[in-house]
Amino acid sequence: MTEAIRETTFEHVPAERGDREIRFHTSGSTSDPVVWWRTESQLRAEADVLARELPHGIDQVVNFAPTEHLFGRITGEFLPEKLSAEVVHLDHEPARLPDSVRGKRVLLACLPSSWLILRRLLSQLRDLPAVTALHGTGPTVGATDEVVSALQDTGFRATEVFGSTETGGIACRRICPDHSDRQAWTLLPDVEFHESTPESDDAAEREWLAVRSPRLGYCSGMSAPPDHWELSDLVYRKGPRSFEFEGRGSDLVKVNGRRLDLTLVAEALRTALTGIDVVCLPVHDSVRGEHYELFYQFHRHLGREWILDELRATIDDPALPRAVHKVRRIPRTPTGKVSTVQLYAQIEPDTDTRPQGHDIPVLP
């Protein structure tokens with residue numbers, strides 16, 4: 001998603017002589033993709049700060065991320081170069097890790113979907129001398145916790161990166177075996193908050209995440225990278241260089257005065273039923289102003305009432321979706337983000353539970 005600029009100023013910083021510019025696209029999950037430019041020195045700088053978050057002595061990188069994406073380009077090219085490590089690219093779902101990893105200390109560059117693969121490869125991961133995971137491009141999933149917990153006695157270490165195509169990596173944190181014990185995010189060394197820190201944590205309020213960094217990208221219409229960038233992510237700052245993530249602006253809705261995180265709603269159903277895929281989409285509602293609709297992919301029809309009963313059982317006093325749809329598939333971009341533009345086309349016949357006369361949803 002293209003982020004909005006708020007009170008942004010521009011300062012032209014010429015690229016170094018011979019500094020190649022590389023183009024990347026936002027995912028296009030909710031609108032047309034936008035081209036963003038970054039210099040090769042920016043990508044090398046990001047690889048450098050990420051390398052500081054990793055243990056020393058990595059022999060091979062196994063890259064699950066597509067290299068046309070910023071995260072995949074860094075983990076598949078610039079980070080292996082920084083680590084003096086070999087790299088193998090896995091753009092499919094292998095039955096096992098490549099033979100080249102045997103006896104080596106391995107770094108896994110993971111997308112959300114990669115953890116489903118790793119869950120099937122636990123025995124092979126246990127046989128390696130050392131394994132580290134670097135996760136990016138989206139939130140972790142239930143399989144992440146399963147893998148981290150299963151390998152905790154091996155010294156397995158996992159780090160999560162927070163960022164965007166527009167900003168590059170912003171912050172990181174360790175992924176602990178206990179999902180409820182997630183740490184606050186810590187800014188990467190070359191990133192700072194756009195404005196000064198609140199005087200105390202007690203006074204902290206939810207705010208849009210805005211940062212400064214020498215690695216900000218720029219797109220058409222900009223003469224140079226912006227002075228700072230504000231993302232559509234809501235956070236609570238926990239000090240001069242850390243924050244807690246509250247949710248994406250597009251994932252938080254208020255239904256009848258009740259604020260709801262749509263990511264948590266989807267995760268509740270994924271946890272309740274193995275093999276289900278779920279996404280919740282915010283929509284405009286002429287009566288309530290804000291609402292959401294739920295889409296699920298499963299091998300059989302579950303029925304609206306089963307889903308509503310499950311939400312009532314797993315979420316305290318939930319705001320229930322105004323509609324439930326069974327879809328043939330949930331279309332996703334190469335980095336795992338939902339393509340909302342295509343989602344409604346996947347609704348299976350006779351499973352649209354939206355009452356007649358409802359507003360046509362407005363895609364975020």
Side-chain angles (χ1 to χ4, degrees), residues 3 6 45-46 48-55 70-71 74-75 108-112 115 132-149 151-152 155-216 228-252 259-268 271:
E3 316 293 353
R6 295 178 175 85
E46 184 157 345
D48 182 59
V49 296
L50 291 179
R52 300 180 207 175
E53 305 299 326
L54 303 172
L70 174 60
F71 179 73
I74 290 170
T75 58
L108 307 169
C110 297
L111 306 173
W115 297 96
T132 302
L134 187 65
H135 174 91
T137 80
T140 57
V141 295
T144 307
D145 298 310
E146 295 178 41
V147 172
V148 174
S149 296
L151 297 176
Q152 62 180 314
F156 176 77
R157 175 175 171 172
T159 296
E160 187 176 2
V161 180
F162 189 109
S164 70
T165 304
E166 298 87 347
T167 61
I170 293 174
C172 68
R173 66 178 179 182
R174 290 286 300 276
I175 303 176
C176 302
D178 183 359
H179 181 81
S180 63
D181 191 30
R182 288 290 162 88
Q183 302 172 351
W185 293 93
T186 300
L187 295 179
L188 292 171
D190 60 349
V191 179
E192 60 184 22
F193 291 119
H194 170 51
E195 296 178 343
S196 60
T197 309
E199 293 182 3
S200 69
D201 288 346
D202 293 337
E205 297 181 355
R206 191 175 64 165
E207 61 182 270
W208 298 106
L209 177 59
V211 297
R212 296 176 179 273
S213 168
R215 294 182 282 104
L216 299 181
H228 72 277
W229 192 256
E230 184 173 287
L231 298 93
S232 61
D233 297 297
L234 292 166
V235 301
Y236 286 101
R237 278 198 259 173
K238 305 300 293 182
R241 297 195 54 77
S242 65
F243 63 87
E244 290 184 354
F245 176 60
E246 174 72 4
R248 294 191 181 279
S250 60
D251 290 339
L252 295 174
R259 188 161 57 88
L260 188 68
D261 186 338
L262 299 185
T263 302
L264 296 181
V265 175
E267 188 60 33
T271 302

* Asked: What are the two closest non-hydrogen atoms of Thr137 and Pro112, and how far apart are they?
  -> OG1-CD, 3.4 Å
* Asked: About how many Å separate CG of Leu188 and CZ of Arg52, when rounded to the nearest 0.5 Å?
  -> 9.0 Å
* Asked: Are any non-hydrogen side-chain atoms of Ile170 and Leu231 less than 4.5 angstrom apart?
  -> yes
* Asked: Distance-only, no hydrogens or angles: does the Thr75 side chain make a donor-acceptor pair with backbone N or O of Phe71 under 3.5 Å?
  -> yes
* Close side-chain approach of His228 and Val211, heavy atoms under 4.5 Å -> no
* To do: Taking the side chain as every heavy atom from C-beta outward, state whether Leu234 and Trp208 have any atom pair closer than 4.5 Å.
  => yes
* Would you indicate whether the side-chain heavy atoms of Phe162 and Leu209 approach each other to under 4.5 Å? => yes
* Asked: Do the rings of Phe243 and Phe193 sit parallel, tilted or perpendicular, given the 30° and 60° boundaries?
  -> perpendicular
* Leu134 vs Glu53 side-chain heavy atoms within contact, under 4.5 Å -> no
* **Donor-acceptor side-chain pairing of Arg212 and His194 below 3.5 angstrom** => yes
* Would you check if the side chain of Arg173 reaches a backbone N or O of Gln183 as a donor-acceptor pair within less than 3.5 Å? => yes
* Asked: Going by heavy atoms in the side chains, are Lys238 and Trp185 under 4.5 Å from each other?
  -> no
* **Any donor-acceptor N/O pair, Arg174 side chain to Glu160 backbone, under 3.5 Å** => no
* Structure fact -> Heavy-atom nearest pair, Cys176 first then Val148, reads C-CG1, 3.9 Å
* Asked: Any donor and acceptor pair, going by atom type alone, linking the side chain of Ser149 with main-chain N or O of Pro177 inside 3.5 Å?
  -> yes
* Hey, mind stepping through Glu207 and Val235 against side chain to side chain contact (heavy atoms under 4.5 Å, CB included) and telling me if it holds? -> CA-CA 6 Å; Glu207 61 182 270; Val235 301; 4.1 Å; yes
* Closest approach of Leu50 to Val161 (non-hydrogen atoms, all atoms of both residues) -> CD2-CG2, 3.9 Å
* Closest approach of Pro55 and Thr132, non-hydrogen atoms and distance? -> CG-OG1, 3.3 Å
* How close do Ala184 and Glu244 get, heavy atom to heavy atom, and via which atoms? -> CB-CG, 4.2 Å
* If we only count heavy atoms from C-beta on, is the Trp115 to Asp145 side-chain gap below 4.5 Å? -> no
* Heavy-atom closest pair, residues Thr144 and Thr140 -> OG1-CB, 3.5 Å
